[in-house]
Engineer: 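Got a structure for you, questions after.
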Amino acid sequence: MLKLHIKNETSRLRAVVLGTAESNGPIPKIEDTYDPKSQQHIKAGTYPKESDMIKEMEAVAQVLKKYDVTVYRPDIITDYNQIFSRDIAFVIEDKFVKANILPDRDKEYQAIQHVIKQIPKENVIVLPEDCHIEGGDVMPWNDYIFIGTYSGEDYPDYITARTNTKAVDAIRAIFPNKTVKSFELRKSNTNPKENALHLDCCFQPVGKDKAIIHKNGFLIEEEYQWLVDFFGKDNVFEITKDEMYNMNSNIFSISEDVVISEKNFTRLNTWLREQGITVEEVPYAEIAKQEGLLRCSTLPLIRD
Ligand SMILES: NC(=[NH2+])NCCC[C@H](N)C(=O)O
(Lines give C-alpha, C1' and ligand atoms only; values in the text may rest on other atoms or scores of the structure.)
Protein backbone atom coordinates (compact mmCIF):
# COMPACT_ATOMS: atom_id res chain seq x y z
CA MET A 1 0.00 0.00 0.00
CA LEU A 2 1.10 3.54 -0.70
CA LYS A 3 1.41 5.78 2.33
CA LEU A 4 0.51 9.11 0.80
CA HIS A 5 1.92 12.20 2.46
CA ILE A 6 1.90 15.72 1.04
CA LYS A 7 1.94 18.80 3.21
CA ASN A 8 3.40 21.34 0.85
CA GLU A 9 5.05 21.95 -2.51
CA THR A 10 8.69 21.64 -1.58
CA SER A 11 9.46 19.00 1.06
CA ARG A 12 11.75 16.20 -0.12
CA LEU A 13 9.96 14.21 -2.83
CA ARG A 14 9.81 10.40 -2.53
CA ALA A 15 7.15 9.26 -5.02
CA VAL A 16 5.49 10.91 -7.99
CA VAL A 17 3.45 10.19 -11.09
CA LEU A 18 5.17 11.63 -14.16
CA GLY A 19 2.96 12.00 -17.27
CA THR A 20 3.89 10.58 -20.63
CA ALA A 21 4.13 12.01 -24.14
CA GLU A 22 3.93 8.56 -25.72
CA SER A 23 1.11 8.14 -28.21
CA ASN A 24 0.18 11.79 -27.73
CA GLY A 25 -1.87 11.63 -30.91
CA PRO A 26 -1.87 13.70 -34.10
CA ILE A 27 -1.85 17.51 -34.11
CA PRO A 28 -5.28 18.49 -32.72
CA LYS A 29 -7.81 20.40 -34.80
CA ILE A 30 -8.19 23.99 -33.60
CA GLU A 31 -11.73 23.27 -32.43
CA ASP A 32 -10.49 20.39 -30.28
CA THR A 33 -7.90 22.41 -28.35
CA TYR A 34 -8.60 23.60 -24.83
CA ASP A 35 -5.88 26.20 -24.27
CA PRO A 36 -4.90 29.27 -26.34
CA LYS A 37 -1.18 28.50 -26.51
CA SER A 38 -1.63 25.12 -28.20
CA GLN A 39 -4.00 26.89 -30.59
CA GLN A 40 -1.36 29.47 -31.42
CA HIS A 41 1.25 26.83 -32.20
CA ILE A 42 -1.11 24.79 -34.36
CA LYS A 43 -1.88 27.91 -36.42
CA ALA A 44 1.82 28.76 -36.72
CA GLY A 45 2.75 25.21 -37.70
CA THR A 46 4.99 24.88 -34.65
CA TYR A 47 2.98 22.39 -32.56
CA PRO A 48 5.46 20.12 -30.74
CA LYS A 49 6.47 16.73 -32.12
CA GLU A 50 5.83 13.66 -30.01
CA SER A 51 9.44 12.46 -30.32
CA ASP A 52 10.77 15.78 -28.97
CA MET A 53 8.35 15.77 -26.06
CA ILE A 54 9.26 12.18 -25.18
CA LYS A 55 12.90 13.25 -24.98
CA GLU A 56 12.04 16.18 -22.73
CA MET A 57 10.06 14.02 -20.33
CA GLU A 58 12.84 11.42 -20.32
CA ALA A 59 15.24 14.12 -19.12
CA VAL A 60 12.92 14.76 -16.17
CA ALA A 61 12.68 11.04 -15.43
CA GLN A 62 16.49 10.90 -15.35
CA VAL A 63 16.71 13.73 -12.80
CA LEU A 64 14.08 12.07 -10.60
CA LYS A 65 16.05 8.83 -10.81
CA LYS A 66 19.23 10.64 -9.80
CA TYR A 67 17.44 11.75 -6.61
CA ASP A 68 16.05 8.25 -5.93
CA VAL A 69 12.44 9.29 -6.36
CA THR A 70 9.98 6.46 -7.14
CA VAL A 71 8.38 7.32 -10.47
CA TYR A 72 5.04 5.94 -11.70
CA ARG A 73 3.93 6.45 -15.30
CA PRO A 74 0.37 6.29 -16.67
CA ASP A 75 -0.72 3.34 -18.83
CA ILE A 76 -0.66 4.47 -22.42
CA ILE A 77 -3.96 5.30 -24.08
CA THR A 78 -3.55 5.32 -27.87
CA ASP A 79 -3.45 8.80 -29.39
CA TYR A 80 -4.35 10.61 -26.16
CA ASN A 81 -2.58 13.50 -24.45
CA GLN A 82 -1.34 12.27 -21.05
CA ILE A 83 1.47 14.75 -20.40
CA PHE A 84 -0.15 16.79 -17.65
CA SER A 85 -0.66 14.33 -14.78
CA ARG A 86 -0.87 17.17 -12.29
CA ASP A 87 -4.42 17.98 -13.20
CA ILE A 88 -6.09 14.58 -12.91
CA ALA A 89 -5.84 14.22 -9.13
CA PHE A 90 -4.05 15.71 -6.16
CA VAL A 91 -2.79 14.60 -2.79
CA ILE A 92 -3.24 16.57 0.42
CA GLU A 93 -1.98 14.92 3.62
CA ASP A 94 -2.92 11.24 3.10
CA LYS A 95 -5.94 11.90 0.86
CA PHE A 96 -5.98 11.31 -2.88
CA VAL A 97 -8.62 13.52 -4.47
CA LYS A 98 -9.85 12.71 -7.96
CA ALA A 99 -10.04 15.96 -9.87
CA ASN A 100 -13.14 16.59 -11.96
CA ILE A 101 -11.25 17.60 -15.01
CA LEU A 102 -12.29 18.98 -18.40
CA PRO A 103 -14.38 16.30 -20.18
CA ASP A 104 -11.85 16.34 -23.08
CA ARG A 105 -9.29 14.97 -20.63
CA ASP A 106 -11.31 12.64 -18.44
CA LYS A 107 -9.80 9.35 -19.69
CA GLU A 108 -6.45 10.33 -18.18
CA TYR A 109 -7.58 9.27 -14.70
CA GLN A 110 -8.28 5.66 -15.76
CA ALA A 111 -4.68 5.33 -16.89
CA ILE A 112 -3.34 5.61 -13.34
CA GLN A 113 -5.58 2.94 -11.82
CA HIS A 114 -2.47 0.84 -11.09
CA VAL A 115 -1.39 3.62 -8.72
CA ILE A 116 -4.84 4.28 -7.22
CA LYS A 117 -5.25 0.56 -6.45
CA GLN A 118 -2.34 0.86 -4.03
CA ILE A 119 -4.05 3.56 -1.96
CA PRO A 120 -6.36 2.48 0.90
CA LYS A 121 -9.93 3.00 -0.39
CA GLU A 122 -10.92 5.25 2.49
CA ASN A 123 -8.26 7.72 1.37
CA VAL A 124 -9.50 8.08 -2.21
CA ILE A 125 -11.98 10.94 -2.48
CA VAL A 126 -14.30 11.47 -5.42
CA LEU A 127 -16.01 14.86 -5.47
CA PRO A 128 -19.55 15.42 -6.77
CA GLU A 129 -19.60 15.95 -10.53
CA ASP A 130 -20.52 19.63 -10.34
CA CYS A 131 -17.33 20.40 -8.41
CA HIS A 132 -14.88 21.23 -11.19
CA ILE A 133 -11.28 21.24 -10.12
CA GLU A 134 -7.84 20.48 -11.61
CA GLY A 135 -4.62 19.80 -9.69
CA GLY A 136 -2.83 22.72 -11.34
CA ASP A 137 -5.09 24.98 -9.29
CA VAL A 138 -4.45 23.26 -5.95
CA MET A 139 -1.43 23.93 -3.74
CA PRO A 140 -1.12 22.59 -0.22
CA TRP A 141 1.14 24.90 1.73
CA ASN A 142 1.40 23.62 5.32
CA ASP A 143 -1.60 25.01 7.24
CA TYR A 144 -2.99 26.50 4.03
CA ILE A 145 -4.43 25.21 0.80
CA PHE A 146 -4.13 27.75 -2.02
CA ILE A 147 -6.65 27.29 -4.84
CA GLY A 148 -6.90 29.10 -8.17
CA THR A 149 -10.47 29.62 -9.33
CA TYR A 150 -12.77 31.68 -11.50
CA SER A 151 -16.17 32.61 -10.12
CA GLY A 152 -17.48 34.93 -12.86
CA GLU A 153 -21.00 34.26 -14.18
CA ASP A 154 -19.42 33.61 -17.58
CA TYR A 155 -17.47 30.63 -16.14
CA PRO A 156 -19.11 28.23 -18.65
CA ASP A 157 -17.79 30.35 -21.55
CA TYR A 158 -14.20 29.79 -20.49
CA ILE A 159 -12.68 26.46 -21.42
CA THR A 160 -9.64 27.86 -19.60
CA ALA A 161 -11.56 28.10 -16.28
CA ARG A 162 -11.15 24.74 -14.62
CA THR A 163 -11.91 25.18 -10.92
CA ASN A 164 -15.25 26.50 -9.68
CA THR A 165 -16.54 27.84 -6.37
CA LYS A 166 -18.35 24.58 -5.55
CA ALA A 167 -15.06 22.73 -5.65
CA VAL A 168 -13.35 25.30 -3.42
CA ASP A 169 -16.16 24.85 -0.87
CA ALA A 170 -15.90 21.06 -1.13
CA ILE A 171 -12.15 21.14 -0.39
CA ARG A 172 -12.83 23.43 2.56
CA ALA A 173 -15.29 20.87 3.95
CA ILE A 174 -12.90 17.92 3.47
CA PHE A 175 -9.96 19.66 5.17
CA PRO A 176 -11.52 21.56 8.10
CA ASN A 177 -8.12 21.96 9.78
CA LYS A 178 -6.63 23.83 6.84
CA THR A 179 -7.20 27.42 5.81
CA VAL A 180 -8.38 27.35 2.21
CA LYS A 181 -7.49 30.56 0.43
CA SER A 182 -8.79 30.99 -3.12
CA PHE A 183 -7.50 33.31 -5.85
CA GLU A 184 -9.44 34.57 -8.85
CA LEU A 185 -7.38 34.04 -11.99
CA ARG A 186 -7.37 35.97 -15.24
CA LYS A 187 -8.80 33.87 -18.08
CA SER A 188 -8.62 34.20 -21.84
CA ASN A 189 -9.60 31.52 -24.34
CA THR A 190 -7.64 33.23 -27.08
CA ASN A 191 -4.62 35.09 -25.67
CA PRO A 192 -2.12 32.96 -23.73
CA LYS A 193 -0.36 36.06 -22.37
CA GLU A 194 -3.58 37.08 -20.63
CA ASN A 195 -4.47 33.62 -19.44
CA ALA A 196 -3.53 31.99 -16.14
CA LEU A 197 -4.78 28.53 -17.06
CA HIS A 198 -4.13 27.27 -13.54
CA LEU A 199 -2.75 28.83 -10.36
CA ASP A 200 0.60 27.17 -11.12
CA CYS A 201 0.75 29.16 -14.37
CA CYS A 202 1.22 32.41 -12.41
CA PHE A 203 2.42 31.39 -8.95
CA GLN A 204 4.35 28.72 -7.05
CA PRO A 205 6.08 28.52 -3.69
CA VAL A 206 9.71 27.44 -3.77
CA GLY A 207 12.29 26.65 -1.10
CA LYS A 208 11.22 27.10 2.50
CA ASP A 209 9.56 30.49 2.34
CA LYS A 210 9.85 31.90 -1.18
CA ALA A 211 7.61 32.19 -4.21
CA ILE A 212 7.49 32.95 -7.92
CA ILE A 213 4.59 35.15 -9.01
CA HIS A 214 3.10 37.05 -11.96
CA LYS A 215 0.85 39.89 -10.89
CA ASN A 216 -1.34 40.08 -13.99
CA GLY A 217 -2.34 36.43 -13.62
CA PHE A 218 -4.51 37.52 -10.68
CA LEU A 219 -7.83 39.24 -11.34
CA ILE A 220 -8.00 40.87 -7.92
CA GLU A 221 -5.02 42.95 -6.89
CA GLU A 222 -5.60 42.44 -3.15
CA GLU A 223 -5.40 38.68 -3.60
CA TYR A 224 -2.04 39.01 -5.37
CA GLN A 225 -0.94 41.40 -2.62
CA TRP A 226 -2.01 38.91 0.05
CA LEU A 227 0.48 36.40 -1.37
CA VAL A 228 3.27 38.97 -1.61
CA ASP A 229 2.68 39.94 2.02
CA PHE A 230 2.41 36.30 3.10
CA PHE A 231 5.84 35.40 1.68
CA GLY A 232 7.34 38.87 2.16
CA LYS A 233 8.34 41.17 -0.68
CA ASP A 234 12.01 40.17 -0.52
CA ASN A 235 11.17 36.50 -0.84
CA VAL A 236 9.10 36.88 -3.97
CA PHE A 237 10.43 36.63 -7.52
CA GLU A 238 8.16 38.60 -9.85
CA ILE A 239 8.04 37.32 -13.40
CA THR A 240 7.12 39.29 -16.53
CA LYS A 241 4.29 38.60 -18.95
CA ASP A 242 6.68 36.81 -21.30
CA GLU A 243 8.16 34.78 -18.48
CA MET A 244 4.68 33.73 -17.45
CA TYR A 245 3.91 32.85 -21.09
CA ASN A 246 7.05 30.68 -21.11
CA MET A 247 5.78 29.09 -17.87
CA ASN A 248 8.53 30.22 -15.47
CA SER A 249 6.28 29.71 -12.45
CA ASN A 250 5.83 26.07 -13.39
CA ILE A 251 9.13 24.57 -12.29
CA PHE A 252 9.06 21.55 -9.97
CA SER A 253 10.60 21.13 -6.51
CA ILE A 254 12.34 17.91 -5.50
CA SER A 255 13.13 19.47 -2.13
CA GLU A 256 13.54 22.84 -0.46
CA ASP A 257 16.97 23.09 -2.03
CA VAL A 258 16.62 21.28 -5.36
CA VAL A 259 14.33 22.21 -8.25
CA ILE A 260 13.91 21.02 -11.83
CA SER A 261 13.70 24.01 -14.17
CA GLU A 262 13.75 24.77 -17.89
CA LYS A 263 17.22 25.46 -19.28
CA ASN A 264 16.23 28.75 -20.92
CA PHE A 265 14.82 30.34 -17.75
CA THR A 266 18.04 32.31 -17.29
CA ARG A 267 16.80 35.08 -15.01
CA LEU A 268 14.80 32.71 -12.79
CA ASN A 269 17.52 30.06 -12.57
CA THR A 270 20.06 32.71 -11.58
CA TRP A 271 17.76 33.96 -8.81
CA LEU A 272 17.13 30.41 -7.59
CA ARG A 273 20.88 29.74 -7.38
CA GLU A 274 21.35 33.00 -5.49
CA GLN A 275 18.87 31.63 -2.95
CA GLY A 276 21.10 28.59 -2.48
CA ILE A 277 18.86 26.30 -4.50
CA THR A 278 20.37 23.67 -6.82
CA VAL A 279 18.81 23.97 -10.26
CA GLU A 280 18.58 20.81 -12.35
CA GLU A 281 18.07 22.15 -15.87
CA VAL A 282 16.13 20.20 -18.48
CA PRO A 283 14.91 21.08 -21.98
CA TYR A 284 11.14 21.55 -21.81
CA ALA A 285 10.40 24.25 -24.40
CA GLU A 286 8.44 21.93 -26.69
CA ILE A 287 6.04 20.80 -23.96
CA ALA A 288 5.71 24.45 -22.90
CA LYS A 289 3.91 25.04 -26.22
CA GLN A 290 0.90 23.23 -24.74
CA GLU A 291 0.63 25.75 -21.89
CA GLY A 292 2.04 23.45 -19.25
CA LEU A 293 5.48 22.73 -17.84
CA LEU A 294 7.18 20.75 -15.09
CA ARG A 295 4.72 21.15 -12.23
CA CYS A 296 1.90 20.35 -14.63
CA SER A 297 3.42 17.07 -15.70
CA THR A 298 4.03 15.71 -12.20
CA LEU A 299 1.63 14.46 -9.53
CA PRO A 300 3.45 14.10 -6.20
CA LEU A 301 2.30 11.25 -3.97
CA ILE A 302 4.83 11.26 -1.14
CA ARG A 303 7.01 14.02 0.29
CA ASP A 304 8.77 13.96 3.68
N1 LIG B 1 -1.36 22.28 -14.21
C2 LIG B 1 -1.32 22.84 -15.38
N3 LIG B 1 -1.04 24.10 -15.48
N4 LIG B 1 -1.60 22.08 -16.45
C5 LIG B 1 -1.52 22.52 -17.80
C6 LIG B 1 -2.43 21.76 -18.69
C7 LIG B 1 -2.30 22.18 -20.11
C8 LIG B 1 -3.28 21.55 -21.05
N9 LIG B 1 -3.00 22.01 -22.39
C10 LIG B 1 -4.71 21.93 -20.69
O11 LIG B 1 -5.19 22.91 -21.21
O12 LIG B 1 -5.37 21.27 -19.92
Side-chain angles (χ1 to χ4, degrees), residues 24-25 27-49 53 81 83-84 86-87 101-105 132-139 146-165 182-204 211-225 227-228 236-251 262 264-268 284-297:
N24 201 248
I27 301 175
K29 295 199 195 76
I30 296 282
E31 60 270 28
D32 294 335
T33 55
Y34 34 79
D35 72 85
K37 200 172 172 185
S38 296
Q39 247 170 51
Q40 232 179 29
H41 283 287
I42 294 166
K43 285 185 190 150
T46 49
Y47 193 77
K49 284 204 211 82
M53 296 192 291
N81 190 331
I83 295 172
F84 302 111
R86 173 65 63 165
D87 298 320
I101 192 165
L102 209 66
D104 304 78
R105 296 186 51 186
H132 302 167
I133 190 159
E134 295 191 349
D137 276 322
V138 183
M139 291 184 188
F146 299 144
I147 307 186
T149 187
Y150 181 74
S151 69
E153 262 172 44
D154 52 354
Y155 176 93
D157 300 338
Y158 283 111
I159 197 154
T160 45
R162 308 287 177 83
T163 297
N164 63 7
T165 311
S182 67
F183 302 90
E184 295 285 332
L185 301 181
R186 188 176 304 282
K187 299 293 175 184
S188 168
N189 286 347
T190 51
N191 182 357
K193 293 197 180 178
E194 293 292 326
N195 181 42
L197 186 59
H198 294 99
L199 182 59
D200 63 13
C201 297
C202 63
F203 164 77
Q204 189 179 179
I212 304 164
I213 199 163
H214 178 60
K215 184 175 180 182
N216 188 56
F218 294 81
L219 262 191
I220 301 176
E221 186 167 348
E222 294 85 79
E223 292 185 351
Y224 149 84
Q225 195 56 49
L227 280 171
V228 173
V236 165
F237 186 75
E238 302 261 0
I239 56 174
T240 64
K241 201 183 273 289
D242 283 331
E243 285 168 334
M244 165 174 122
Y245 173 77
N246 292 327
M247 315 283 319
N248 279 238
S249 64
N250 212 278
I251 60 170
E262 215 285 332
N264 297 302
F265 293 173
T266 324
R267 203 175 72 89
L268 173 69
Y284 228 61
E286 292 306 310
I287 288 180
K289 293 177 176 174
Q290 295 195 22
E291 214 165 332
L293 206 85
L294 294 151
R295 187 181 188 275
C296 305
S297 35

Engineer: For the residue pair Tyr150 and Tyr155, does the interplanar ring angle fall in the parallel (under 30°), tilted (30 to 60°) or perpendicular (over 60°) class?
Structural biologist: parallel

Engineer: Looking at Arg186 and Asn216, would you say the former's side chain and the latter's main chain have a donor-acceptor pair under 3.5 Å?
Structural biologist: yes

Engineer: Cation-pi check for Tyr47 against Lys289: NZ or CZ below 6.0 Å from the six-membered ring centre and within 45 degrees of the axis, yes or no?
Structural biologist: no

Engineer: Hey, is the main chain of Ile147 close enough, under 3.5 Å, to the side chain of Asp137 for a donor-acceptor pair?
Structural biologist: no

Engineer: What pairs with Asn191 under side-chain hydrogen bond (donor to acceptor under 3.5 Å, both in side chains), at least two apart in sequence or on another chain?
Structural biologist: none

Engineer: For the CD atom on Glu31, are there more than 12 heavy atoms of other groups (residues, nucleotides or ligands in this structure) within a distance under 6.0 Å?
Structural biologist: yes

Engineer: Kindly write out the residues that satisfy salt bridge (Lys or Arg N to Asp or Glu O under 4.0 Å) with Glu221, not counting sequence neighbours, or none if the list is empty.
Structural biologist: Lys215

Engineer: How many angstroms lie between CD in Glu262 and CD1 in Ile251, if you round to the nearest 0.5 Å?
Structural biologist: 11.5 Å

Engineer: Got a donor-acceptor contact below 3.5 angstrom from the Ser249 side chain to the Ile213 backbone?
Structural biologist: no

Engineer: For Ile212 and Ile239, which heavy atoms make the closest approach, and how far apart are they?
Structural biologist: CG2-CG2, 3.8 Å

Engineer: For Gln290 and Asp35, work out which heavy atoms get closest and say how close.
Structural biologist: O-OD2, 3.5 Å

Engineer: Could you tell me whether Asp87 and Arg105 make a salt bridge, using a distance below 4.0 angstrom between a side-chain N and a carboxylate O?
Structural biologist: yes

Engineer: In this structure, are over 12 heavy atoms from other groups packed under 6.0 Å from Lys241 atom NZ?
Structural biologist: yes

Engineer: Which class fits the ring pair Phe183 and Phe203: parallel under 30°, tilted 30 to 60°, perpendicular over 60°?
Structural biologist: tilted

Engineer: Going by distance alone, is a donor N or O of one side chain under 3.5 Å from an acceptor N or O of the other, for Glu291 and Ser38?
Structural biologist: no

Engineer: Can a donor-acceptor pair be found, under 3.5 Å and without considering hydrogens, that links the side chain of Glu286 to the backbone of Met53?
Structural biologist: no

